[in-house]
Amino acid sequence: MFSTRNQIISFIQQGIIKPEDVDEALSITSVRPDAKSWRIFIDRLLLWFGGLSLACAVTFFIAYNWGEIGRFAKFGLVQCSIVLAIASYWKIGAETLAGKIALLVGAILVGVLLALYGQTYQAGADTWQLFFTWCVLILPWALLGRFVAIWLLWFVLANLSLVLYYQTVPSVLDVLFRSEMDLLWLLFCFNGVALLVWEYLIKFCPWLSPRWALRLLATACGVSITWLALYAIFDNAVTSSAGALVWLAWLCLMYFVYYRLRQDLYMLAGICLSGITVFITFLSYHMLDNLAGGGFLLIALILLGLGAAATSWLKKVHLEWQS
Amino acid sequence: MSRSFEQLWSTLSTAGLVDGLAPEPCELESPWYVKVLMAFFGWLAAVFLLGFVGIVMASILENSFASILVGGFMIGAAFTLLRAPKSAFLEHFSLAISLAGQILVIWGMFEASNTESTILWLAVMVFQSVLAVFMPGVVHRVFSSFAACIALSIALRLVGAPYLASGIILLGAALLWLNEFRHPRYMLQMRSLGIGLVLAVIKIKGTLLFSSSSIFWLGYRHHTELLIGPWVGELLTGFVFLFVVWQLLHRFNNQLSTKLRVTALLSAIIIAAVSFESPGITIGIVILLLGFAGSHRVLIGLGIAALLFYISAYYYLLDTTLLMKALTLMVLALVLLSGRWLMRHFLPPDETHVEGVLHAK
């Protein structure tokens, strides 16, 4: 990506821009923001940070479980806060950032309400049910809000529900896989499908386009499948080798999608990291016992070679995409 | 030559800041995640190299002098390789042997002294600072400046002043980033050191938050009496925040009215005072301000991550009750949101009005 900042730095270092002109060059190219940009930045900082602090304040207050306040007052406080947040969303406007942040605060407070319900009535529900119900209840708002931050919250809750569900309920995938790997399979499948659907929907919903959200999903997906591949190295069971095979297929798919179709260097860097990590683990597992000290040196050199090749390739691709 | 580059050259040329034909665009800088990848592989290779040294040349580790000598030799070799013409393999290799060499030197220093004293950690800080300044390579400088800060924080912990570390390092980071463009010859070095310091301050403050109720610091089991309480550290961080705001306002000296500057400073004082009870929040804000002031996206990302981390970590802080925390955050939220309302009311986003207010002396 062309960076005005980096280009200006290069001009300054080469002496193309004289030292006495640096301040002016930075200002007219907006590397140094003007008063208007600062105003917008401070406005957003206050809004985001204020909204987040408000949601955290209510959460902490309910978590304190103050005995001096009755349960109806607590329910009233949380419910009024939710109504206020939704009313703000409606009043300020669905398309404004302030409106969307109000909806996000409302979505966070739904979880606080559910936690308060569990705390007050001791319903006996498992923790995963709290997160799952929270996830289901805020789904319409996530669909309505068209705001990436709410969807990120939704995915975090969904992942948490899966992790807690796995810890509580006997695995449903025992027939197919070893139970220790079920959670990783669940997370990989869920985040992988989410990533594919998100990528597909971008052309219909431009608000889904921020790459950071997709990269977070891809990271969650990549970490799960890389663990499965590593597990396959240490475990000799036939069922574990499925992890290695799917991992290989995932690497190829990611390469095809993000090199040929979408052009995302972060994803390619992720593939390199995953590939080299698994390969080095494989070598270490099989070589260190036999070669002792020499094995360490050999693996270090192979690691350096692969690392250098990966970074050179990434730099080359980066340059290729820019030109 | 891309259109963006041509536009940039044209803007600078029209303003009379450059003349002649446009040069070739600069070499593209690698994105942050490619640098992280390089750092990760360099670090991992260093671990394997140390494994090799530990097994094949175990006698080196047993002799402090030999350890320092071999470590120094490895660092010297890395320095020579890093100065050689660019090659990805050599860059990775020199990073790995330098990191392994540093660990050998530090190991030797500890073996020779037989004790863990403040002086020793200060010596480690000086050693890492020298490397951060003189060793070529962005990733190496980031590593060394980070390590120097960690050594400083341990030294301060040993004298009973752990809470000073984050304020001092944040001040260093602020000075580097605010003066980033003042010294063209040292810009690259200043940026690398700046990133190292910012990463260190986030890590050190985070560790302190989770160990503030105990005597453990970085897993370091030293029972040292606290000479300086946590509030001094928060105060120092608050002052750094005000210093940064003051410096940024200074950039608009000729454009902003005195009234507006005083209001901005007062607002900063109020935010620093309100967030006094919730540690780390001012650090996140300072990093965000520094990042935005220089259009540095990685720094902005680090600032946002730090803010989210500290506000979540606040929940687990054992020094105060959840009720007090809720109250603190509620006051903070009210201050921030009412501040925004006041700003929108008295300084509307409309450009002409902004200019009008800005120029009103």
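Every chain is numbered from 1, with letters handed out A, B, ... down the list of sequences. This one's a predicted model, so the numbers in the text were calculated from it and none came from an experiment.
- Rounding to the nearest 0.5 Å gives a distance of 6.5 Å between CE of B/M38 and OG1 of A/T311.
- Side-chain contact between A/Q13 and B/P184: absent, with no pair of heavy atoms (C-beta onward) separated by less than 4.5 Å.
- Residues B/F41 and A/L304 fail the side-chain proximity criterion, which asks for heavy atoms closer than 4.5 Å.
- Contacts of A/W38 with chain B are made by both backbone and side-chain atoms, with heavy-atom separations under 4.5 Å.
- At a 4.5 Å heavy-atom cutoff, the contact between A/I280 and chain B is made by side-chain atoms alone.
- Closest non-hydrogen pair, B/A293 versus A/P33, comes out as O-CD, 3.3 Å.
- Both the backbone and the side chain of B/L49 come within less than 4.5 Å of a heavy atom in chain A.
- Between B/F48 and A/L303, the shortest heavy-atom distance links the atoms CD1-CD2, 4.2 Å.
- The contact between A/R215 and chain B is made entirely by side chain atoms (from C-beta outward), counting heavy-atom distances below 4.5 Å.
- For chain B, the option among A/V22, A/D23, A/I276, A/L45 with the highest count of heavy-atom pairs below 4.5 Å is A/I276.
- Annotation: the span from B/H92 atom NE2 to A/L301 atom CG amounts to 13.0 Å, rounded to 0.5 Å.
- Per-residue heavy-atom pair counts under 4.5 Å with chain B were compared for A/L297, A/V58, A/I12, and the maximum is reached by A/L297.
- Ranking A/L314, A/I299, A/D43 against chain B, the residue ahead of the rest is A/D43, based on heavy-atom pairs under 4.5 Å.
- Counting heavy atoms from C-beta on, the side chains of B/Y33 and A/L273 never come closer than 4.5 Å.
- Ranked by heavy-atom pairs under 4.5 Å with chain A, the list B/G294, B/A15, B/G42 is led by B/G294.
- Contacts with chain B were tallied for A/L47, A/D34, A/T29, A/I8; A/L47 has the most, counting heavy-atom pairs under 4.5 Å.
- Scanning all heavy atoms of the two residues, the minimum distance from B/S295 to A/S30 falls at OG-O, 3.5 Å.
- Heavy atoms only, all atoms of each residue included: B/A333 and A/L54 are closest at CB-N, 3.6 Å.
- Crowding of A/R262 atom CZ: a count of heavy atoms from other residues, nucleotides or ligands under 6.0 Å exceeding 12.
- Contacts between A/I16 and chain B at a heavy-atom distance below 4.5 Å involve backbone atoms as well as side-chain atoms.
- A/F279 CZ: 12 or fewer foreign heavy atoms inside a 6.0 Å radius.
- Each of A/Q14, A/R32, A/E24, A/K18 has some count of heavy-atom pairs under 4.5 Å with chain B, and the biggest count is that of A/R32.
- Neither the backbone nor the side chain of A/I302 comes within contact range of chain B; no heavy atom of the residue lies under 4.5 Å from a heavy atom of that chain.
- Counting non-hydrogen atoms of other residues, nucleotides and ligands closer than 6.0 Å to NE2 of A/H286 gives a total above 12.
- Taking chain A as the reference chain and counting heavy-atom pairs below 4.5 Å, the highest number among B/S338, B/S278, B/G51, B/G16 is found for B/G51.
- Heavy atoms closer than 4.5 Å to chain A are found nowhere in B/W341, neither backbone nor side chain.
- Residue A/S284 touches chain B through its side chain alone, counting heavy-atom pairs closer than 4.5 Å.
- Ranked by heavy-atom pairs under 4.5 Å with chain A, the list B/V34, B/L323, B/L307 is led by B/L323.
- Only the side chain of B/F252 comes within less than 4.5 Å of a heavy atom of chain A; its backbone N, CA, C and O stay farther away.
- When the options B/K325, B/M324, B/M330 are evaluated for a side chain to side chain contact (heavy atoms under 4.5 Å, CB included) with A/F60, the one that passes is B/K325.
- Chain A forms the most heavy-atom pairs under 4.5 Å with one residue out of B/I281, B/V331, B/L95, B/V53, and that residue is B/I281.
- Note that CG of A/D21 is 10.0 Å distant from CG of B/L12, once rounded to the nearest 0.5 Å.
- Here the CE atom belonging to B/M343 is positioned 4.5 Å from the CZ atom belonging to A/R39, to the nearest 0.5 angstrom.
- Taking 4.5 Å as the limit, some side-chain heavy atom of B/P31 sits within range of a side-chain heavy atom of A/L265.
- Across all their heavy atoms, B/E91 and A/K315 have their closest contact at OE1-NZ, 4.4 Å.
- At a threshold of 4.5 Å between non-hydrogen side-chain atoms, the residues A/C56 and B/Y315 do not count as touching.
- Taking all atoms of both residues into account, the shortest heavy-atom contact from A/A300 to B/A45 is CB-O, 3.8 Å.
- Applying the side chain to side chain contact (heavy atoms under 4.5 Å, CB included) test between A/F49 and each of B/I271, B/L288, B/I304, B/L336 identifies B/L336 as the sole match.
- Contacts between A/I42 and chain B at a heavy-atom distance below 4.5 Å involve backbone atoms as well as side-chain atoms.
- Looking at B/R185, neither its backbone nor its side chain comes within 4.5 Å of chain A, counting heavy atoms on both sides.
- Between chain A and the residues B/V36, B/I55, B/D19, B/L50, the largest count of heavy-atom pairs under 4.5 Å involves B/I55.
- Contact of A/V31 with chain B is made through backbone and side chain together, with heavy-atom distances under 4.5 Å.
- Classified by interplanar angle (parallel below 30°, tilted 30° to 60°, perpendicular above 60°), the ring pair A/F41/B/F292 is parallel.
- With a 4.5 angstrom heavy-atom cutoff, B/L329 touches chain A via backbone and side-chain atoms both.
- Contact of B/R182 with chain A is not made at all, since no heavy-atom distance falls under 4.5 Å.
- Counting heavy atoms of neighbouring residues, nucleotides and ligands inside a 6.0 Å radius, atom OH of B/Y186 does not exceed 12 of them.
- In terms of non-hydrogen atom pairs under 4.5 Å with chain A, the most contact-rich of B/L332, B/L327, B/I311 is B/I311.
- Between the CD atom of B/E180 and the CG atom of A/L26 there is a distance of 8.5 Å, given to the nearest 0.5 Å.
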